[in-house]
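For reference, the structure discussed in these notes is given below.
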Amino acid sequence: DEFESDRPFAGSVGLSGSFGTTWDWALSVSQTDFEANVFLEEDGGDIFSLNNDGGTHTQAEFTVGQTFRLGSSEARFGLGLAYANANSSSSFSQTSDKGLNSVDLESEFQSIGPRMTLDAESAPISSDGRFTIVGGADVNYLAGQYTHSKGLNAFDDDEFISNQVTVSEDGELLTAGAYVGIKYAVSDSTAVRFGVRRDMTSMERATIGGDDVAPTVRSGLTSAYIGMDVDF
């Protein structure tokens with residue numbers, strides 16, 4: 001009888017290359033999918049259902065960065081652009097002897113904006129020089145357009161009413177992430193990274209017909225990650 005937490009799947013893939021001794025470029029694409037949640041409650045002959053139908057967040061990022069030394073460690077500072085597409089949907093329904101009453105909400109946001117990253121790697125922490133500590137953070141401030149839809153299906157004195165409203169408006173999306181982990185150099189050209197990452201997203205309030213259909217959404221995701229670096 002409890003509304004369970006979202007169970008997400010997160011994945012990413014990236015490419016990078018260098019030009020010069022300290023300058024490089026990096027391109028990555030990532031996606032997070034959230035599983036649907038359902039809450040049901042029965043009251044006599046009535047059944048109430050609250051559905052969070054999940055959502056997806058897809059993001060593509062490109063940065064140009066420079067690597068510099070910090071004592072025995074090194075860090076990379078990058079600037080670039082990011083594109084994101086995020087969507088979510090939810091619904092409320094009531095089943096009674098008159099039929100089904102339901103409200104459906106859908107939101108989608110497409111955006112582009114500046115991206116800033118900082119990645120650091122410590123000096124070797126093992127005697128063989130293969131283990132290092134890695135960490136970093138990234139921030140994206142994206143501007144674009146929200147598309148919100150609100151649908152209503154209901155019975156009023158045995159009369160069926162159906163209504164659908166869709167509005168579009170400009171808005172912003174702020175995403176930020178931070179990670180820490182261990183890097184192991186398998187060979188001179190291959191390394192494996194693993195650790196923990198925290199991602200945060202803040203979407204602005206949505207309004208349709210003067211009613212707030214979605215509050216300002218601030219969501220967070222903590223996940224374990226594993227990755228591989230290969231130099232060609």
Side-chain angles (χ1 to χ4, degrees), residues 4-18 21-35 54-86 113-142 173-203 217-232:
E4 299 292 339
S5 298
D6 284 329
R7 289 185 294 272
F9 169 80
S12 64
V13 62
L15 297 172
S16 63
S18 60
T21 57
T22 61
W23 289 90
D24 62 34
W25 59 268
L27 173 67
S28 65
V29 178
S30 61
Q31 180 163 323
T32 304
D33 292 285
F34 290 93
E35 197 172 80
T56 63
H57 181 101
T58 303
Q59 192 158 306
E61 305 147 346
F62 177 80
T63 59
V64 173
Q66 184 177 27
T67 300
F68 51 92
R69 301 292 299 182
L70 294 173
S72 57
S73 304
E74 65 178 27
R76 176 189 184 272
F77 178 74
L79 289 175
L81 290 174
Y83 165 82
N85 180 290
R115 169 175 172 81
M116 182 173 64
T117 66
L118 179 63
D119 301 279
E121 181 176 352
S122 73
I125 59 174
S126 61
S127 58
D128 59 6
R130 293 184 178 275
F131 285 94
T132 56
I133 298 175
V134 293
D138 56 79
V139 178
N140 306 289
Y141 183 75
L142 310 175
L173 174 68
L174 177 67
T175 68
Y179 73 94
V180 64
I182 299 294
K183 180 178 178 179
Y184 173 69
V186 181
S187 65
D188 292 339
S189 61
T190 305
V192 177
R193 296 171 285 108
F194 53 92
V196 178
R197 180 176 176 88
R198 176 69 175 175
D199 291 279
M200 300 293 294
T201 301
S202 178
M203 301 176 70
V217 178
R218 294 182 178 89
S219 60
L221 172 65
T222 301
S223 59
Y225 74 87
I226 183 169
M228 177 177 289
D229 300 324
V230 180
D231 294 330
F232 294 97

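Residue numbers count from 1 along this sequence. This is a predicted model, so every value here is computed, not measured.
Across Leu142 and Ala84, no two heavy atoms sit closer than the pair CD1-CB, 3.4 Å. Nearest approach of Tyr225 to Val134, heavy atoms of both residues: OH-CG2, 4.1 Å. Closest of all the heavy-atom pairs between Ser18 and Trp25 is N-NE1, 4.2 Å.
Side-chain N/O atoms of Asn85 and Thr58 include no donor and acceptor closer than 3.5 Å. Ser223 and Arg197 share no donor-acceptor pair across their side chains, judged by distance under 3.5 Å alone. For the residue pair Asp119 / Tyr179, a side-chain donor-acceptor distance below 3.5 Å is found, with atom types taken as modelled.
The 12-atom threshold is exceeded at OH of Tyr83, counting heavy atoms of other residues, nucleotides or ligands nearer than 6.0 Å. Within 6.0 Å of CG on Asp128 lie more than 12 heavy atoms contributed by other residues, nucleotides or ligands.
Of the inter-residue distances, the one linking Met116 atom CE with Tyr141 atom OH reads 14.0 Å to the nearest 0.5 angstrom. In this structure, the separation between CG on Asp138 and OG1 on Thr175 is 6.5 Å, given to the nearest 0.5 Å. Going from atom OG of Ser73 over to atom CD1 of Ile133 covers 9.0 Å, rounded to the nearest 0.5 Å. With values rounded to the nearest 0.5 angstrom, Leu174 atom CG is found 8.5 Å from Thr201 atom OG1. Note that the OG1 atom of Thr32 and the CG atom of Asp199 stand 7.0 Å from one another [nearest 0.5 Å]. In this structure, Thr63 OG1 and Leu27 CG are separated by 8.5 Å, a value rounded to the nearest 0.5 Å.
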request  = Show the numbers, then the answer: is there a side chain to side chain contact (heavy atoms under 4.5 Å, CB included) between Thr22 and Phe68?
outcome  = CA-CA 7 Å; Thr22 61; Phe68 51 92; over 6 Å; no
task = Verify side chain to side chain donor-acceptor pair (under 3.5 Å) between Ser30 and Gln59, making sure each step is shown before the conclusion.
result = CA-CA 5 Å; Ser30 61; Gln59 192 158 306; 5.6 Å; no
task = Any chance you could lay out the side chain to side chain contact (heavy atoms under 4.5 Å, CB included) test for Arg115 and Leu81, step after step, and finish with the verdict?
result = CA-CA 5 Å; Arg115 169 175 172 81; Leu81 290 174; 5.9 Å; no
CA sep, side-chain torsions, deciding dist, call: Val230, Met228, side chain to side chain contact (heavy atoms under 4.5 Å, CB included) = CA-CA 7 Å; Val230 180; Met228 177 177 289; 3.8 Å; yes
key: Evaluation steps, side chain to side chain contact (heavy atoms under 4.5 Å, CB included), between Val196 and Thr222   = CA-CA 7 Å; Val196 178; Thr222 301; 3.9 Å; yes
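Counting only heavy atoms from C-beta outward, the side chains of Arg76 and Asp24 approach each other to under 4.5 Å.
Remark: the backbone N or O of Glu121 is not paired with any side-chain donor or acceptor of Thr132 at under 3.5 angstrom.
With sequence neighbours excluded, no residue satisfies salt bridge (Lys or Arg N to Asp or Glu O under 4.0 Å) with Arg130.
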